[in-house]
Amino acid sequence: MIDIRLLRENVEHVIERLQTRQKDFSYLRQVVDVDERMRKTLVEVEELKASRNELSKQIGEFKREGNDATKLMEQVAGLGETIQALDASIETDREFIHQTLLETPNIPYQDAIVGVSEEDNVEVRKHLTPPVFSFPPVPHWDLAEQLDIIDFERGVKIAGPRFVVYKGLGARLERALMQFMMDVHAMEHGYIELIPPYINNKESLTATGQLPKFEDDLFKLNMEGKDYYLNPTCEVPAINYHRDEVLKKADLPLRYVGFTTAFRKEAGAAGRDTRGIIRLHQFSKVELIAFASPEDGYVIHEQMLNDAEKILQLLELPYRVIELCTGDLGAAMAKTYDIEVWLPSYDAYKEIASISNAETYQARRANIRYKEQPESKPEFVHTLNGSGLAIGRTVVAILENYQQADGSILVPKVLQSYMKTDVIK
RNA sequence: GGAGGAAUACCCAAGUCUGGCUGAAGGGAACGGUCUUGAAAACCGUCAGGUCGGGAAACCGGCGCGGGGGUUCGAAUCCCUCUUCCUCCGCCA
């Protein structure tokens, strides 16, 4: 959520910066008007409440001393109704402001690359060059089928389209990657491991920004009349881990590495990436999450990017890092890097990780703050999240980049001890 | 699933029956001090925090006893409702 105070101070500036997202935010002017009206009424009703409190106190004193308080009670008689009416009008205005701001995306960071679409994203760096094959490389869906390590048909039978069964060494590869990534981040990069609930409540999804606007992307459950959602990313439970808390400055940055299975409806992606396991309703992911003071936020962001890249470096996979332009930025995020891994079947780089700083946008929604000193006023933290990495797409990258002429797959060196084999055949 | 009980400030806890000098006794912890070569002990002192609004500021006011609603001039206290936790029984990986 963006800061209402920032809006009050300079709506036009906020609107201008938000417009770089290529949408219309002129409606925010109305929010400022309503806010002003609301605050005026607030002053009015608070004065009335103060006088009611004063009179009630006097009534108490009168009665205690055995005096007649009828006159005072007459004085206070009409106040209640007026107060109630004013309170109701404040509540309406407040609710309007709140709902509107809940649906307003984050302001891109100060020096954001202004652009219209992903076309305008900017490449930051590249690592390794795409492999050159002496034979026509085979896409992962064919490799996986031939090796009998991913069962597409039975996935559809059991659950439906965009579900698969990992089998044999395919299942082991998935498991090895999870273990490997968690190990690197926890033991070498110093993140604290987390395995949170995969089912999250409405408050959690609202705090991170999926609700109310993006409900269509989520798998929704209804248990005894209450709504729950399957988490679309570990970011949701991990950020909410500290919801409604005041953190100690000395504990920052707090850095976690979480494992979850992520569930996505992919509602708007019909017909896209239909072959293989690039876009499934269910996939495993190792996620990095950090809570930092605002002055450290962007330092941690770069560090998190490096930590995610490290996995691809260890796996010896070619990738590039791009910075998203304002038109391609996720709603809750102020700045995002994507890491794209080389996929021979696409003959292109494909997103495998996304590392973002939400600044105080999620912290304000989730009410996560920190104190500089024990006696100082709590301030909102920066929240950061980054894939470290999406496991399904890592499987794809390994199958396709490590394939041999005979259809077998070499196992990356760092995975061999986890896989107990150096080749999948 | 059945039957009971509980939620008060950093922690413990009184107050709730009988509404008003209670935004909250007492204890612990913490912090500051006296004493001490230093520390402990003892003693003295401080100790809701938060949030929203007004104000240049000093400061003033609203809210606030798990959440929401109601009764009342006035609610920690009465009523409704939700949530969470605990105990016992049943079931269970």
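Electrostatic pairing of A/Glu145 and A/Arg275 does not count as a salt bridge here, judged by no charged N lying under 4.0 Å from a carboxylate O. Salt bridge annotation for A/Arg29-A/Glu12: present, with a cationic side-chain nitrogen under 4.0 angstrom from a carboxylate oxygen. The pair A/Glu372-A/Lys249 meets the salt-bridge criterion, since a charged nitrogen lies less than 4.0 angstrom from a carboxylate oxygen.
The CD1 atom of A/Ile391 lies 5.0 Å from the CZ atom of A/Phe259; values are rounded to the nearest 0.5 Å.
A/Leu55 has its CG atom 12 Å from the P atom of B/G62, to the nearest Å. For A/Leu79 and B/U72, the CG to C1' distance is 14 Å, given to the nearest whole Å. Between A/Lys226 atom NZ and B/C82 atom P the separation is 13 Å, expressed in whole Å.
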Name the pairs: protein N/O against N/O of nucleotides 48-52 of chain B, kept only if under 3.5 Å.
residue	atom	partner	partner atom	Å
B/G50	O3'	A/Arg369	NH1	3.4
B/U51	OP1	A/Arg369	NH1	2.6
B/C52	OP1	A/Arg5	NH2	3.0

Sort me out a list of protein N/O and nucleotides 63-68 of chain B N/O pairs below 3.5 Å, or just none if empty.
residue	atom	partner	partner atom	Å
B/C63	OP2	A/Asn53	ND2	3.4

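When the shell of 6.0 Å around OH of A/Tyr241 is examined, it contains 12 or fewer heavy atoms from other residues, nucleotides or ligands. More than 12 non-hydrogen atoms from other residues, nucleotides or ligands lie less than 6.0 angstrom from CD of A/Gln19.
Checking A/Gly60 against A/Arg39, the closest nucleotide of RNA chain B that is more toward the 5' end is the one next to A/Gly60. Comparing A/Glu61 and A/Val43 by the nucleotide of RNA chain B that holds the closest heavy atom to each, the one mapping nearer the 5' end is A/Glu61.
Contact annotation: the side chain of A/Asp328 never approaches that of A/Asp120 to less than 4.5 Å [non-hydrogen atoms, C-beta and beyond].
Residue pairs meeting the side chain to side chain donor-acceptor pair (under 3.5 Å) criterion with at least one partner in residues 186-198 of chain A, sequence neighbours excluded, are A/His185-A/His189, A/Tyr191-A/Asp307. Listed by first and then second residue, the ring pair (Phe, Tyr, Trp, His ring centres under 6.0 Å) pairs involving residues 202-232 of chain A are A/Phe219-A/His281 (not counting sequence neighbours).
Between the A/Asn121 side chain and the A/Cys325 main chain, a donor and an acceptor come within less than 3.5 Å of each other.
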Before you tell me yes or no, could you show the steps for A/His301 and A/Tyr109 under ring-ring contact (aromatic ring centres under 6.0 Å, His included), namely the whole-Å CA-CA distance, both residues' side-chain angles and the distance that decides it to 0.1 Å? CA-CA 13 Å; A/His301 189 213; A/Tyr109 81 108; 8.3 Å; no
Side chain to side chain donor-acceptor pair (under 3.5 Å) between A/Asn385 and A/Ser356: does it pass, once the steps are laid out? CA-CA 5 Å; A/Asn385 68 88; A/Ser356 305; 4.8 Å; no
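Consecutive pairing runs in RNA chain B reach the stem threshold at B:1-7 with B:83-89, B:10-12 with B:26-28, B:30-34 with B:42-46, B:50-54 with B:59-63, B:66-70 with B:78-82, where a stem means at least three Watson-Crick or G-U wobble pairs with distances under 3.5 Å.
Scanning both residues, A/Thr260 and A/Cys234, for their nearest heavy atoms gives OG1-CB, 3.3 Å.
Only at 4.0 angstrom or more do the heavy atoms of residues 199-211 of chain A sit from any atom of RNA chain B, so none qualifies.
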